[in-house]
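Let me begin by presenting the structure, written as structure tokens, before commenting on it.
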Amino acid sequence: MALLAVPKSERAGLARRLCDHARTADRHRARTQKLHPRYGTGTLMSAAQGYQKVARNAINPTEFLFSLQILVDTLCACQRDQSS
């Protein structure tokens, strides 16, 4: 997970950027029928491809859950922003 590769203080910002990148890529793909050149298909996984990751065997379960919570909170906020 890309969020685990950055300091805790930067995780919320990175989550927001990933959400924005995925939305940008999804719009690009819908408009052009092609992948976005930098952010891919419009998924979070695709948007995160350019970021450093933590090896699975090095993931701290507690930190993973906290990062997952940040990601879910960010996705909810992005959804609310998009609905407005």
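All values derive from a computational prediction rather than experimental measurement.
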Next on the checklist: Closer than 3.5 angstrom, by distance alone: can the side chain of R11 be matched with the main-chain N or O of L3 as a donor-acceptor pair?
Outcome noted: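 Here the side-chain-to-backbone pair exists.
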
Item to check | Heavy-atom donor-acceptor pair, Q49 side chain to M45 backbone, under 3.5 Å | outcome: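 Answer holds: yes.
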
Next on the checklist: Going by the rule side-chain hydrogen bond (donor to acceptor under 3.5 Å, both in side chains), which residues pair with D73 if we only count those two or more places apart in sequence or in a different chain?
Outcome noted: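 Here no residue qualifies.
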
Checklist entry - Partners of T41 by side-chain hydrogen bond (donor to acceptor under 3.5 Å, both in side chains), sequence neighbours excluded? => result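 If we apply the side-chain hydrogen bond (donor to acceptor under 3.5 Å, both in side chains) test to T41, skipping adjacent residues, the hits are T43.
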
To the nearest 0.5 Å, what is the distance between [atom1] ([X]) and [atom2] ([Y])?
X	Y	atom1	atom2	value
C78	R16	SG	CZ	3.5 Å
R56	L4	CZ	CG	11.5 Å
C19	Q82	SG	CD	8.0 Å

Checklist entry - Is it the case that one hydrophobic cluster holds both F66 and I70, taking links as side-chain heavy atoms less than 4.5 Å apart, direct or via other members? => result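 F66 and I70: separate clusters.
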
Item to check | same_hphob_cluster(L14, V72) at 4.5 Å side-chain heavy-atom cutoff | outcome: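 No, L14 and V72 fall in different hydrophobic clusters.
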
Work out which heavy atom in [X] is nearest to a heavy atom in [Y]; give both atom names and the distance.
X	Y	result
A2	A48	CB-CB, 4.3 Å
A25	G40	CB-O, 3.5 Å
M1	S67	SD-CB, 3.7 Å

Next on the checklist: Please determine whether the number of non-hydrogen atoms from other residues, nucleotides or ligands lying under 6.0 Å from atom NZ of K8 exceeds 12.
Outcome noted: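 No, not enclosed.
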
With heavy-atom distances below 4.5 Å as the criterion, would you say the side chains of [X] and [Y] are in contact?
X	Y	value
V6	Q52	no
H21	Y51	yes
L71	L44	yes

Checklist entry - In chain order, what residues pass the ring-ring contact (aromatic ring centres under 6.0 Å, His included) check against H36, with sequence neighbours excluded? => result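 By the ring-ring contact (aromatic ring centres under 6.0 Å, His included) rule, H36 matches H28, Y39.
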
Checklist entry - Ion pair present between D26 and R29, side-chain N to carboxylate O less than 4.0 angstrom? => result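 Yes.
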
Checklist entry - Run the side chain to side chain contact (heavy atoms under 4.5 Å, CB included) check on T24 and R38 step by step: do they pass? => result CA-CA 10 Å; T24 296; R38 184 165 183 193; over 6 Å; no

